[in-house]
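Counting convention: from 1, in listed order, for ligands and their atoms alike. These figures come from a predicted structure and were not determined experimentally.
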Amino acid sequence: MRRIPILFLFFLLNILFNESVQDCAWETCHEVDPNPDVITAHLIPHTHDDLGWIKTVDQYFWGAKPELVPVGVQYIYNTVIDELLKNPDRRFSFAETGFLWRWYTSNSDYDRHQLQKLVKNGQIEIIGGGWVQNDEATSHYIDIIDQMTLGLQRLEQIFGDCGKPVSGWQIDPFGHSREMANIYAQMGYSSLHFARIHYLEKELRLKNKTLEFNWSGSDDLGTEIFTRAFFNDNYGPPEGFCWDSLCEDDPIMDNPNIEGNNVNEKVDAFVTHVKEQAAHESTNQVMLLMGSDFQYTNANSWYVNLDKLIKYVNADPSKKVKVIYSTPACYTQAVQDKSPKLTSKHDDFFPYASGRHSYWTGYFTSRPAFKGMIRQASSMLQLAKQLDVIADLGPEDDSDVDILREASALVQHHDAVTGTAKENVTRDYEKQLAKGMSEVEVVINDFMKKMNPDGLDPKLVICPLLNETICKPISNMDEFTVVVFNSNGRYFNGTIRIPYSQKSAVVKDWNKNVLESQVVESFQVNQLNDSDRSNFEIHVFVRVPPLGYTTITVEKGSKSVYVHSKNKKRLNGNVEIQNEYLIAGFDAQGYLSYVTDKTTNKKRSIRQEFFYYEGIDSKDDQPSGAYIFRPKTQQPIALASNISLEVVKGSITNEVRQRVSPHVSQQIRLPKGKNYLEFEWIVGPIPKEAKDPITKEFVTRYTTDVKSKNQSFTDSNGRQVMERFFDGATSFEYHDTEPVAGNYYPITSFGYIKDENDQLSIITDRAQGMVSSNGVVEIMVHRRCFYDDHFGVEEALDEPGKDGTGLVAMGKHIILFTDLKTSATQLRPLVVENFHAPVLAFSANKNFEKFEYNKKLEYSGLTQELPLYLHLLTLEKWNKKIVWFGSSTSITMMDQNLNILQSLRVLIQRY
Ligand SMILES: *[C@@H]1O[C@H](CO)[C@@H](O)[C@H](O)[C@H]1NC(C)=O
Ligand SMILES: *[C@@H]1O[C@H](CO)[C@@H](O)[C@H](O)[C@H]1NC(C)=O
Ligand SMILES: *[C@@H]1O[C@H](CO)[C@@H](O)[C@H](O)[C@H]1NC(C)=O
Ligand SMILES: *[C@@H]1O[C@H](CO)[C@@H](O)[C@H](O)[C@H]1NC(C)=O
Ligand SMILES: *[C@@H]1O[C@H](CO)[C@@H](O)[C@H](O)[C@H]1NC(C)=O
Ligand SMILES: *[C@@H]1O[C@H](CO)[C@@H](O)[C@H](O)[C@H]1NC(C)=O
Ligand SMILES: *[C@@H]1O[C@H](CO)[C@@H](O)[C@H](O)[C@H]1NC(C)=O
Ligand SMILES: *[C@@H]1O[C@H](CO)[C@@H](O)[C@H](O)[C@H]1NC(C)=O
């Protein structure tokens, strides 16, 4: 190969450097006052634009439905750009890439260029950078990484280097997770800013002058990030200095000849505020947030007054305050230049309370069906990205994947996945998610065609309501083919359930071997009263290779293998079910009462019950609502003392079906080949009284013999584990004002309790709230609140469900008993497997022979499954190079088999 002369190389480097000369915001900061006795006030003009809340994301962008809120994000961009161009001293900070992208793709080249120019010359700082400002309690870390990636990728595309933010911006989420700090640190951010922390911790930090601190993001990775909690309890300007058209403060009237001249008054009030705030700051730098929700629709009214404020305060050096336009990065730099001594924080900011009776712990569970759908979409997105890579699909499929990518990113917004947007806005989110998931069907079909170029068009369909035993395309068919996809890096060996119309079936694998299966009557409950439900289900044990799929066929069986309990009524005496590993026993009332481990013969007591809390509904006092959980009494109400049971026993399925009340039923099963119990709960419609309805919040409680005392553990966005203490807080002195609500913590994927010997772990299929003490774990599964809780949504959390009588939600808990030594190695892979549940695609193609084209009926993207301690996070096409996340080992084994020509983004995580 020819060597390039060194001189030439120098020349090249020079060109590259000259070309890339640009001044990002953090390189063009206004100077702070060098005098240590002078306070520098950093004015941070900004706008906080929710991607959906009171209005849908589109209505907000265009400014539609002004009767709801008279704002439009497009005008914010337009007018801010105009105002910045008028005066190069002015600054602005934009977050929420989802809106920025929408503006960028809706405007002309000329407008786009103006925006790019202002980012390049440092007048605009891009902050946050995610597609949305994601929630931190209920979003999964895989979704956070994906939504950040989408935002950052688009920013790089528009702005190059200056588009890569350095300031983390989570100003509105209702509490903050340690994993979010870790993710920001790992993504190279240099600071993190937010407003909402527990009011008692806030008091303490104000007193201690520790609003700024060093947040340790992760014990295993050793990350840390400079973090600032705002002085105010919100992210708005000091009182009297809000100059948006939404505000009511007087402008600065500075004509000396008019009677209303208020310059001195305004300057004095401002200086007073700055000095008061400075008394609580670690340095003589003071950050002032000049802007709030959807402000700057008319940027002129803000900037005219800010210009004057700067002019008049700075004109009087005796005030010892210097005012400058600034950005979060410039402020952070100014503080760090003073090298304040920072304290360290190791825990997180959950639960968040804004007052003695305002614990924001209801939203951990609000809108359970939507939360479930979000998790399902996330798993489908991982699959779609993988298939796109493995078969190297074309640009149309890339765009199909993008539709789901954007929808999935959108719903991580802190008013979406939290369940705190209006009903109509939530419908819009669901519509976008459903559209995104339906694109996966296209990707799957293109994938199969590419894998089998000479084969028949499989015409595969996905059935989004398999959870309810609904799959219309196959509902009156006896014979069909199912392709089972596994997006996990390890084998899925387990039971899948297929809706079926007949009492008997023969299921064969792709080699035409008969698979062990069982046909059972589907669980008939009034709650799921849908004529599209199939009467039967096939339960079949399948083995699906990692990053791959397998194909099975269903044919009508000749002999009746239909299995069902002979005892439909409540059974007297004990009922037992068992599988290879466990025996589960039920008492005379129909409650689960013990579990025996067959290998050790150890019998443990465990009871599971449903309860509900009645929520406070006073209009004057703090009610329970979409955000807030506030029960009337600290002990919940039990549902039933006698449960009617059905038992299903067989070679595959061993389950007890409970009808607890007209609105609560459950299937408790011991899945074949698994050493855990699975609880599939169905809750709803939660009753609504015709007059003065009572808010009700349903929980499931697992009462065990684990001696956990006041300690429990909950995950942080599904990755890290946080230690929790009942009636205890680690960063401030706990006040017991809300004994239950104040002890609820979010679980995104799992939680556990333990003693010296044993651990009980709970894995969930969606975000929920959990409280635990003394061997009892309580998880809130569904809630219906009839009163708004006064935090802005101005609507009761009263989900109508399919028929208007109230939402029915169903979901799953996995309960795993382990000894302490093997707990992590058993729990982690199970959590991952649960996230990447198999995706079933159905083909009405009756003729298996024809479907068999060229034998690619089973496939794996890996030559061998990943070891237990590695988790394949992401596999997707990437325009740059392979990107790593966290510490990791080699991925060469993947490359050998995939034989991939384009470059990839592979994120692998080591536990
Ligand atoms: C506040 O100061 C007290 C006393 O020095 C200290 O114990 C506590 O950890 C500090 N807390 C915070 C949140 O800064
Ligand atoms: C933050 O804490 C780490 C140790 O935990 C320390 O090395 C670092 O200097 C601290 N940073 C600041 C700005 O105090
Ligand atoms: C079943 O799943 C779909 C899709 O996630 C969801 O919309 C629906 O609410 C679920 N049904 C129940 C009863 O939870
Ligand atoms: C929700 O949307 C529907 C259909 O657009 C409309 O009829 C209804 O008035 C809206 N409800 C609210 C509370 O805005
Ligand atoms: C799952 O099944 C595959 C294929 O039969 C087998 O190689 C693998 O060991 C199984 N894994 C487990 C955990 O049983
Ligand atoms: C189920 O729905 C049908 C109509 O869709 C209705 O006639 C029937 O009464 C319902 N049954 C129950 C038990 O709710
Ligand atoms: C529960 O069932 C038992 C046995 O049939 C019966 O003796 C008892 O009275 C029932 N309790 C209630 C509250 O219905
Ligand atoms: C938890 O309980 C232990 C033992 O009773 C006690 O020492 C500890 O102070 C408690 N922790 C909190 C935070 O209440």
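We find that Glu281 and Arg228 are joined by a salt bridge, their nearest charged nitrogen and carboxylate oxygen being less than 4.0 Å apart.
With hydrogens and angles left out, the side-chain atoms of Gln658 and Gln666 include a donor and acceptor closer than 3.5 Å. A donor-acceptor pair shorter than 3.5 Å can be found between the side chains of Asp347 and Ser731. Ser282 and Glu212 form a side-chain donor-acceptor contact under 3.5 Å, judged by distance and modelled atom types alone. Under 3.5 Å, the side chains of Ser379 and His836 contain no donor-acceptor pair of N or O atoms. Side-chain contact annotation: Gln768 with His813, donor-acceptor N/O pair under 3.5 Å present. Of the N and O atoms on the side chains of Ser522 and Glu537, not one donor lies less than 3.5 Å from an acceptor on the other residue.
For atom 7 (O) of ligand 1, the nearest protein heavy atom lies 4.0 Å or farther away.
The single protein non-hydrogen atom nearest to atom 4 (C) of ligand 3 is Gln376 OE1, 3.1 Å, given as residue, atom name and distance. In terms of protein heavy atoms, atom 2 (O) of ligand 1 is closest to Asn208 ND2, 2.2 Å. The protein heavy atom nearest to atom 9 (O) of ligand 3 is Ala369 CB, 3.5 Å. In terms of protein heavy-atom proximity, atom 10 (C) of ligand 3 is nearest to Asn467 ND2, 2.5 Å. Among all non-hydrogen protein atoms, the one lying nearest atom 11 (N) of ligand 3 is Glu468 OE2, 2.6 Å.
Both tests do not hold together for Lys207 against Phe732: distance to the six-membered ring centre under 6.0 Å, angle to the ring axis within 45°. Both tests pass for Lys672 against the ring of Phe541: distance under 6.0 Å to the centre and angle within 45° of the axis. With Phe349 as the aromatic partner, Arg196 does not meet the cation-pi criteria of under 6.0 angstrom to the ring centre and within 45 degrees of the ring axis.
Near Asn493, meaning under 4.0 Å from any of its heavy atoms, are these atoms of ligand 5: 1 (C), 2 (O), 3 (C), 8 (C), 10 (C), 11 (N), 12 (C), 14 (O). Using a 4.0 Å cut-off to heavy atoms of Ala809, the atoms of ligand 3 that qualify are 14 (O). In summary, the atoms of ligand 3 found under 4.0 Å from a heavy atom of Met810, numbered by their order in the structure, are 12 (C), 13 (C), 14 (O). Within ligand 3, the atoms closer than 4.0 Å to a non-hydrogen atom of Pro464 are 2 (O), 3 (C), 4 (C), numbered from 1 in the order shown. Near Met373, meaning under 4.0 Å from any of its heavy atoms, are these atoms of ligand 3: 5 (O). The distance from ligand 3 to the heavy atoms of Val808 drops below 4.0 Å at these ligand atoms: 12 (C), 13 (C), 14 (O).
For the residues Arg490, Arg543, Glu865, the heavy atom positioned nearest atom 5 (O) of ligand 5 is part of Arg543. For atom 14 (O) of ligand 1, the nearest non-hydrogen atom from the set Leu211, Thr343, Thr210 belongs to Thr210.
Using a 4.0 Å cutoff on heavy atoms, Gly372 does not count as a contact of ligand 3.
For ligand 5, the polar-atom distance check finds no N/O of Tyr491 at less than 3.5 Å from any of the ligand's N/O atoms.
Annotation: Phe194 is in aromatic contact with His176 [ring centroid separation under 6.0 Å].
Counting heavy atoms under 4.0 Å from ligand 3, residue Ile682 does not touch it at all.
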